[in-house]
Every structure is written in C-alpha cells, then in structure tokens.
Amino acid sequence: MASGNRSQSVQGLTLISPPLAYALLVMAAPLLTILAYSFLKDGYLTVVREFTLENYRAVWTDPIVRTIMLRSLGVAALVTLVTVVLAFPVAYFLSFVVSPSRKSMWLFLITIPFWTSYLIRVFLWKVILGYNGVVNSGLKTLGIIEQPLSFLLYNVNSMVITLAHAYAPFAILPIFIALEKIDRSLLEAGRDLGESRAMTFWRVTLPLAMPGVVAAALIVFIPTIGDYVTPALIGGGKIPMIANLIQSQMLDLDNRPLGSALAVTAMLIVAVFSLIFVALNRRFLKVRQ
Amino acid sequence: MTTPASSTAAHRARTAAARPMIECRGIQKHYGDYHALRGIDLTIRAGEFFSLLGPSGCGKTTLLRTIAGFEDIQSGVILIDGQDMDGVQANARPTNMVFQSYAIFPHLTVAENVGFGLRRDPRSKAEKAAAVEEALEMVGLKGYGKRASHALSGGQRQRVALARALILKPKVLLLDEPLSALDRKMREQMQVELIKLQRQVGITFVLVTHDQEEALVMSDRIAVMFEGQIAQLDGPEALYARPTSRRVANFIGVMNFLPAHVLGDTPDGVEVEVPGLGRVEIPAKNVSSKDPDDEGPSVGFRPEAVSLVGAGQPVQGRVTEGVIDEVVYYGDMTYYDVRLDGSASFDGKARPIRIAMRNVFGREVQDVGTRAKVSWSPGSLVLFR
Amino acid sequence: MKGGGLRAYAILYLLFLYAPILLLPIFAFNSGTVIAFPLKGFTTQWFAQMVGNDSMRRALGNSLTIAVCASIFATCLGIFAARASTRFEFPAKGPIMGLIMLPLVLPEIIVSISLLVVLLSLGVKLNILTVILGHTLICMPYATVILSTAFNSLDRSLEEAAYDLGETKWSAFRLVILPLVMPGIISSLLMSFTISLDEFIIAFFLAGNEPTLPTYIFSQLRFPKQIPTIMALGTVLVVMSIILLTIAEYFRRRGIAKTGAKDTGGFL
C-alpha cells in the first residue's frame with residue numbers, strides 16, 4: 001500500500017507487463033516482421049535477405065494494385081459516409097427523444113445485431129440481394145417484376161449496403177455519447193438568443209456533436225477498408241479489395257515481400273486517415289474549450 | 001451511554017497530563033518535486049480529540065494517511081503509544097480510519113461491514129455477532145444489521161464507518177473530513193454526537209478538517225497547517241483569541257488589523273501607538289513575535305471584541321469615536337464597518353474596522369454615516385511584531 | 001408529438017438492422033431447398049441434419065474450446081491491464097495502453113496475416129492453439145475496456161479500508177475488490193466468448209486444417225444444397241449470442257447497481 005512515486009511506477013509496470021508482453025509478442029513483433037519483409041527480395045517460395053524498395057515501387061505503380069487500392073478507399077469512404085449519415089438521426093433520437101429510463105434498452109437493441117455472427121449477416125445480405133434472393137423472389141411473387149433485378153448483387157452498391165449494415169452500431173454509439181454530453185441549457189440558450197430550432201441545431205448541436213461524428217467515421221472507416229468477407233461473398237470474388245489482394249499475394253502466390261509491402265501500405269493509409277481524423281477531432285475539441 | 005459525561009474542562013485537564021499517544025518527529029514527505037510535509041513535529045496525547053486544520057493542499061490529509069500507514073515518509077519518526085511505526089504496515093498499526101467517502105463495502109450488509117475487521121478474531125461467531133450489535137447500538141443504529149449498505153443515508157453510512165472502526169478498539173481513531181459529505185443540520189448534530197462518543201470510548205481521535213468552526217467545536221487541541229508545516233498548535237479558545245500569526249488569524253474567523261508603532265517594552269507587555277486607538281499596552285501573553293509577514297508590526301482584534309456604544313449606555317474599557325461606513329444586516333448579527341477618527345494619520349490610508357453586534361430587541365440598527373462611539377479593551381488586542 | 005418522425009425513422013432503422021437476423025429462422029424452418037419466396041412449408045429437418053453432421057460437430061467443438069480458452073486468457077490479461085491503468089501511474093502509460101488497445105482499430109486481416117507469416121517462418125504447426133493466440137489478442141482490448149469500467153467505479157478507499165481493518169493486500173483484493181468487480185469479469189468473459197465464437201478472419205488464416213464454426217460455414221456457403229442447414233446453424237448461433245449478451249448485460253448492470261454508481265450507457 002506504500003505509494004511513493006517509485007513504488008507506484010514499479011507496481012504499475014509489474015502489473016501491466018503480462019498484457020504488454022502479450023501485445024508485443026503476438027502483435028508488435030509480427031507487424032515489425034512484415035515491415036522488414038516488405039524491404040526484402042522475393043525468391044520463389046523463399047525470401048531473399050537483400051534490401052530493396054522494389055516491392056513498394058511495384059505496389060505504387062501497378063495499375064491493378066492501384067485500382068484495388070482506390071476501390072477500397074472509395075468503398076470505405078462511401079460506407080463511412082452512408083453509415084454516419086444514417087446513424088446520426090438515430091443517435092439524436094436516442095439522446096434527445098428517448099426517456100432516460102429506456103435509453104439502456106434502446107442501446108442494447110441496437111448493439112445486439114452487431115454481436116451476432118458477422119459472416120452469417122454478410123451471407124444473409126447475399127441471400128436477400130441475390131439473383132434468386134429474397135428481394136427478387138418476393139417482388140416476383142407479388143407480381144411487381146418479371147425478370148430478377150440484376151443490379152443488386154456482385155457490385156459495389158451491394159457491398160456498401162452490406163458493410164453499412166455491419167458497422168451501423170459502431171457509428172451510433174460515439175455520436176450518441178457526444179450528444180449526451182451536450183449541456184441541454186446550451187440549446188435553450190440558443191433558442192433564448194433568438195435562433196430557430198433548426199438554426200440552433202446547426203449552430204449549437206451539430207458543432208458540439210462533431211467529435212462524436214469524427215470518432216464514428218474513424219471507427220467505421222478502419223475495419224471497412226480492411227474487410228475481407230464482404231468482397232469475397234457479396235462481390236463474388238470479382239471485385240476484390242485490399243484484404244483480398246494481400247491474402248492472394250501472401251498465400252496463393254506466396255510472394256511474401258510484395259504481400260508485406262501491400263499490408264504496410266494499407267496500414268499507412270489507415271494510419272494517415274486516422275491521423276487526419278484525430279487532428280479534426282482535436283480541432284473540434286479545442287473549439288469547445 | 002453508561003458513563004456520565006464529564007465536563008470539557010475536566011476532560012482537557014486530564015488529557016493535557018496524559019501520556020503521548022502519537023509522536024511525530026521531523027516528518028518529511030515529497031511527491032516528486034512537491035514537498036508535501038516539511039518537517040512535522042507533533043505530540044498528540046492519549047484520550048485527546050485532536051484536529052488537523054488547514055486549507056486544501058496544506059498536507060493535513062497526507063499527515064493523517066502517514067499516521068495510518070498509507071503513505072511512506074522520506075524521513076522522520078512516527079511513534080504510536082511509544083512504538084516506532086517504521087516498517088509497520090497499515091493493517092498492523094493500532095489505528096483505524098473513518099474515510100471521507102466512508103468506504104462502506106457496497107456488497108456487504110451493515111453487520112458484515114461492521115464485523116469486517118473481526119475476521120481474524122478468535123472469538124466465537126455468537127460473540128462476534130454480539131460485539132457487532134453492541135457497536136451498532138453505540139452509534140445509534142441498533143437493529144440495522146441486516147440492511148443492505150448501499151441503501152443507507154449519508155449520516156447512517158458515517159455511523160457504520162464509525163462502528164466498523166471502533167469495534168476493533170484501536171488506540172487511535174483517524175477521521176478524514178468525516179462530516180464534509182453531510183448537510184448542515186446533520187453536520188451539527190454529528191459534531192455533538194462525535195464529542196459524546198469520544199468521551200465515552202476514551203480513544204484518541206485525530207480529525208482532519210478544512211472547516212474552522214468544526215475544529216473549534218469538537219477539538220481539545222488544534223494544529224493549524226499551511227504548506228506542509230504546522231503554523232500554530234493550541235486549544236480552541238487560545239487559537240481564536242490569540243493567533244500567533246496574521247495567516248492563522250485570517251484562516252480562523254475574521255480579524256481586524258491596524259498598523260502599530262512599537263514604543264517599547266513594559267514590565268507587563270509592550271507599549272504601542274495605534275492610529276485610531278492611541279497608546280495601548282498589550283499584555284505579554286498577547287504578543288507574538290513569530291509572524292513571518294514583513295508588513296511591519298500590527299495589532300489585531302476580533303469583530304466581537306469591540307462594540308458600538310449607544311447613547312446613555314454604560315461604557316466598559318476604552319472608547320474611541322468614528323463614522324459608520326457600511327452596515328450589513330444578518331438577522332442575528334449586524335456587521336458595522338467603522339472608520340475610527342485618526343485611523344488614517346499613519347499613512348493616509350483609511351482602514352475601517354469591522355464590528356460585530358448581536359441584534360437585541362429594542363436596539364436599533366444604526367445607519368451609514370452616523371457618528372458612533374466604539375468601546376474596546378486593551379486585553380483583547382493581539383500584537384504581531 | 002415531439003420526435004414522431006425521428007421515432008419512425010429509428011424503428012425503420014432497427015428493422016434494417018434486424019432484417020437479416022429475422023430472415024434467418026424463417027428460412028431455417030422452411031422446407032424448400034432454395035432460399036427464396038414463396039415459402040414452402042414448416043420443417044425441422046435442417047436442424048436434424050445439422051445435429052447429425054460430424055464435421056459440423058467437430059467445428060462446434062473446436063469453436064467452443066477456442067472461445068473458452070481465449071475468453072479466459074483475454075480476461076486474465078484484461079484484469080492486469082485494467083488494474084494497472086485505473087490504479088497506478090507509471091512511465092509511458094499512454095503508449096503502453098495504446099498498444100494494448102491497438103487490436104481494436106487494426107484491420108483484422110493485417111493482424112492475422114502478419115501473425116501467420118511469423119508462425120509459418122517459425123515452423124509452428126497451425127491448429128486451434130494458434131487461433132486461441134490470435135483470438136486472445138483481439139479480445140484483450142474489449143476485456144480491458146469492460147474491466148476498466150468495473151475497476152474505475154470502485155472507490156479507492158474501499159481497498160484502503162479493508163487494509164486498515166487488518167487485511168493483507170491480497171486478502172483485501174480477494175474480499176473487497178474481487179467481489180465488486182466480479183460482474184465485470186463475468187461480463188468480460190461472456191463478451192470475449194461471443195467475439196471469439198463469431199470471429200472468422202483469424203480462424204480462417206490461423207486454424208490450418210481445423211474447422212471452426214465460422215470457417216465451416218464459409219466453406220459450406222459454396223454448396224447451395226447445404227444452405228438450409230447453415231441457416232439452421234446460424235439461427236442457433238444468433239440465439240446463443242443473444243442469450244450470452246443478455247446475461248453479460250445483466251451482470252454489467254448488476255455490477256453498477258452493486259457499487260452504487262450511475263449507469264452511463266451500454267457496451268463499449
């Protein structure tokens with residue numbers, strides 16, 4: 001119980017060392033290995049220990065890689081936009097309309113689908129949107145269409161719908177938390193100072209909710225850009241994203257240096273976007289203070 | 001309550017001669033660069049109700065936690081009942097603590113909380129249960145044993161915390177701001193109950209508080225602390241009437257200060273010239289020479305030590321005249337700020353003095369701008385030189 | 001009629017969230033072999049087929065072993081991390097905690113591929129142990145967050161009080177801290193269990209030839225004949241997840257009620 005500064009540090013470091021060691025061994029060390037591989041040469045089925053920037057040159061100049069990278073970015077950006085825009089009104093509803101005693105229940109209802117098998121949810125969208133899927137067969141049964149709609153599956157749209165559904169709760173929660181933190185008297189002050197309800201929302205609520213929106217965008221963007229299942233199932237393997245490319249380089253083609261360079265590049269992209277989002281968040285936080 | 005309550009004076013006379021219970025010698029404590037305790041020397045006697053009083057950050061809680069064994073000290077010695085506490089952990093010290101948050105275990109019932117420290121006690125289950133019931137009765141919670149502890153009110157939580165600590169019959173009970181979480185009425189009630197309880201169990205109480213009134217009401221002796229040091233250690237009356245520094249005087253209540261010109265020592269004290277009051281002889285026991293302020297010598301007196309004299313009223317002590325500058329009406333009291341004639345003669349600065357008058361039926365509250373007679377006695381003046 | 005439009009929108013949104021899950025039991029009990037409307041008739045044969053399927057049972061066994069191990073390991077590591085971060089100040093605390101929480105924001109593909117490359121070059125044979133390794137890593141941040149909340153809502157003087165009343169550091173932890181964070185521990189175990197049970201990518205890359213439920217499902221999705229059985233399996237999984245989550249939520253709330261703190265929201 002003695003709590004001098006030194007013994008505080010020693011006890012804290014002792015306690016933190018098992019999880020820290022685990023994270024270092026199982027996550028940091030492999031990531032560093034990948035980083036090292038990305039600067040080495042590929043011999044067939046082996047890795048040649050020789051420094052080269054060739055892999056990065058290949059990654060950044062190959063038109064196929066570039067297309068896939070841009071597609072991943074585009075899909076992730078679109079999913080993020082759709083998710084956040086769709087989620088905001090729900091978060092607003094939860095925070096401002098739902099009575100406090102029922103908030104927990106609503107939050108629970110919203111989070112449940114997130115915790116059920118991701119794979120099955122993605123597959124079900126294939127079932128729903130497919131050529132003979134629920135939508136088409138349903139519409140046909142009702143006599144609304146005669147031929148199945150073919151634009152539903154195996155394209156970017158269907159991937160966006162699926163991913164937006166998968167990460168919806170991730171977007172609602174941070175926005176909800178930001179809205180909850182807003183002092184309600186600020187909104188009354190806005191009205192008291194002569195603004196309309198809409199203008200109060202625009203000039204007071206929205207700026208104060210911005211940190212939540214930024215956090216939501218980041219939380220949706222990161223897993224989306226690295227998603228593997230959706231392109232494989234919904235895209236039918238015909239419209240791969242970064243994750244599928246990394247997997248095929250690493251395992252199918254066994255070109256580990258190139259695969260590593262791809263992975264590092266993907267991480268860099270995620271890191272750059274994360275930093276942008278964090279910087280945006282800082283700005284909003286600064287304005288608040 | 002089986003033992004009859006003894007008078008406060010008798011209690012104080014007895015404890016003043018008692019053996020030392022806690023002795024702190026040269027205690028130093030640093031948190032990194034922050035010097036929390038700067039050489040504390042302190043003796044607390046057995047059976048005393050002792051308070052550590054000071055503003056937040058003065059080190060009073062740190063000192064209490066040092067005695068409890070929750071904080072290491074860099075140098076110095078702590079003796080409890082003559083035994084060196086160096087290397088003795090908190091769980092082995094003959095002290096128990098009432099925490100500021102009360103720290104009532106929320107997963108245990110009231111009885112389980114009170115009996116928590118008896119786990120290693122060799123007595124039988126029935127004897128322990130009886131001890132718990134007795135402790136609960138002592139704090140006025142008889143029959144509350146089976147209740148869930150998280151449903152208790154603030155005052156009840158505090159009683160549980162007291163029972164839980166006292167059941168172990170510690171040599172010293174440490175109380176960390178125990179009344180700060182209660183509302184005013186409850187606080188005043190608990191102050192009285194704590195005094196009674198302390199007289200009843202006869203255990204040394206050490207209380208930490210930032211509330212001067214609380215310290216004055218409850219304590220036998222008070223140590224006022226500033227910035228990790230003890231500024232003054234005295235009984236409540238002496239502390240209030242004869243603070244040894246301007247800082248202590250300002251922390252405990254309100255004090256008027258007027259500059260003083262020291263004329264010289266007399267057989268019974270010091271003679272000074274005070275603008276507005278004239279020549280005064282300050283009794284030796286009211287002279288303090290350790291004030292670190294360098295504003296030069298000054299005299300101080302409490303607002304209650306001076307009074308306005310109405311027309312035709314008899315006068316006690318000396319009288320000075322002045323003009324009423326400000327009147328603040330408080331219901332039971334009225335505060336007058338009065339500019340004494342000649343008070344600005346020293347350096348041209350007006351120094352109105354505050355006078356507190358109890359409002360009595362039949363006496364009118366005086367108005368701003370009226371001339372008034374002010375009576376005072378040299379014995380209530382304190383000289384800081 | 002404040003928020004009427006918003007309420008309607010929120011309900012529609014919930015419908016969108018639940019649409020796939022609601023379809024699951026409908027087709028699991030539908031006797032038609034094709035997943036399409038109109039429905040044919042009621043049957044439980046897909047569930048019977050699922051129970052009789054050997055490789056599915058093997059996958060289930062693997063998944064349960066992995067989930068139990070990963071949730072216990074992750075929760076143990078989470079207890080250390082949560083206790084250290086809520087109770088002590090130590091150098092480089094921010095970066096260290098950041099590193100432990102990093103799997104939360106790292107794309108799983110990167111975690112699994114990098115771990116795979118290292119394991120392969122070390123010559124480690126891939127089996128369910130390697131999956132446990134990966135799942136423990138991704139469950140650790142969730143466990144840490146849940147347990148930090150539990151440890152944080154504890155008044156530090158509770159521990160000191162126990163110590164002051166004569167207990168040792170360890171018995172104070174056992175008698176006071178542990179009972180009070182127990183709901184958090186159970187909640188963390190259940191949450192980690194659920195995450196591990198549903199996790200696909202890491203299992204896909206690190207399991208070698210051992211199937212887990214998600215990888216088994218993935219492999220069967222190619223065969224239209226198998227789909228109704230998968231629907232039945234999915235139904236069972238979803239029901240299990242919901243039950244586990246409800247229990248987790250119950251313990252989380254009980255924990256909050258026990259320590260007398262305020263409820264500040266749901267998961268995460």
Side-chain angles (χ1 to χ4, degrees), chain A residues 1 8-9 11-13 15-16 18-20 22-23 26-31 33-34 89-90 92-93 97 104 107-113 115-121 123-125 127-128 132-134 137-138 141 165 168 173 177 222-223 225-226 228-229 243 246 250 256 263 266-267 270, chain C residues 2-3 6-7 9-10 13-14 16-18 20-21 23-24 34-38 77 80-81 83-84 88-91 96 99-100 102-103 105 107-111 113-115 117-118 133 137 140 163 169 194 198 200-201 214 217-218 221 234 237-238 241-242 245 249 263 265-268:
Chain A
M1 196 65 44
Q8 271 257 353
S9 307
Q11 288 187 60
L13 285 172
L15 266 178
I16 201 72
L20 175 63
Y22 196 83
V26 181
M27 181 180 59
L31 290 180
T33 312
I34 290 272
V90 180
Y92 187 87
F93 167 75
V97 182
S104 285
L107 280 177
F108 189 59
L109 275 180
I110 282 169
T111 32
I112 276 190
W115 294 106
T116 57
S117 174
Y118 173 55
L119 189 67
I120 288 181
R121 272 184 295 142
F123 175 69
L124 281 163
W125 278 107
V127 169
I128 293 173
N132 284 313
V134 172
S137 62
T141 313
H165 176 264
L173 287 178
I177 290 167
I222 290 174
I225 199 169
Y228 176 87
V229 176
I246 294 173
M250 282 282 197
R256 288 195 199 158
M267 268 197 294
V270 169
Chain C
K2 190 193 168 204
L6 273 175
R7 183 177 298 272
Y9 174 81
Y13 191 88
L14 268 189
F16 165 67
L17 280 185
Y18 278 87
I21 296 168
L23 285 173
L24 207 50
V34 182
I35 307 298
F37 286 112
L77 291 170
F80 280 103
R83 173 90 172 142
F88 296 101
E89 287 306 321
F90 47 90
I96 290 177
L99 190 71
I100 288 170
L102 190 61
V105 294
E108 280 185 13
I109 182 81
I110 306 237
V111 175
I113 283 279
S114 60
L115 194 51
V117 166
V118 169
L133 213 59
L137 181 74
M140 187 167 66
Y163 201 55
K169 230 181 244 188
T194 317
D198 284 344
F200 169 70
I201 302 272
I217 292 171
F218 188 73
L221 291 179
L237 280 181
V238 166
S241 294
I242 292 177
L245 286 170
E249 171 73 3
D263 192 349
F267 299 110
L268 300 174

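Order of the sequence lines sets the chain letters (A, B, ...), proteins ahead of strands, with each chain counted from 1.
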Choice from [options] maximising heavy atom contacts with chain A below 4.5 Å:
options                     : answer
C:A10, C:G234, C:S114       : C:S114
C:S241, C:P107, C:P20       : C:P20
C:T194, C:L237, C:V117      : C:V117
C:V118, C:V238, C:L137      : C:L137
C:L77, C:L14, C:V111, C:L23 : C:L77

Item checked: chain A contact via C:Y9 - side chain, backbone, both or neither, heavy atoms under 4.5 Å ->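 Contact with chain A: side chain only.
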Item checked: Contacting region of C:L99 [heavy-atom separation from chain A under 4.5 Å] -> both
Side-chain contact test, heavy atoms from C-beta onward, threshold under 4.5 Å: evaluate it for [X] versus [Y] and give yes or no.
X      : Y      : result
C:L115 : A:V26  : yes
C:E89  : A:S9   : no
C:D198 : A:Y118 : no
A:I16  : C:R83  : no
C:E108 : A:P223 : no

Margin query: Can you tell me which of A:I225, A:T33, A:L13 forms the most heavy-atom pairs within a distance under 4.5 Å of chain C?
Written below: A:L13
Check: Looking at A:G12, A:A28, A:A29, which makes the most heavy-atom pairs under 4.5 Å with chain C?
Finding: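 When all of A:G12, A:A28, A:A29 are compared, A:G12 has the most.
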Next item on the list: Return the orientation label for the C:F218 and C:F200 ring planes: parallel under 30°, perpendicular over 60°, tilted otherwise.
Entry: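 C:F218 vs C:F200 ring planes: tilted.
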Item checked: Aromatic plane relationship, C:F16 with A:W125 - under 30° parallel, 30 to 60° tilted, over 60° perpendicular ->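 Taking C:F16 first and then A:W125, their aromatic rings sit tilted (interplane angle of 30° to 60°).
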Side chain, backbone, both or neither of [X] within contact of chain C (heavy atoms, under 4.5 Å):
X      : value
A:I110 : both
A:P89  : both
A:V270 : side chain
A:I34  : side chain

Check: Short question: side chain of A:Y22, backbone of C:L133 - any donor-acceptor pair under 3.5 Å?
Finding: yes
Notebook entry, point to check: Measuring from A:I246:CD1 to A:M267:CE, what's the distance to the nearest 0.5 Å?
Noted result: 8.5 Å
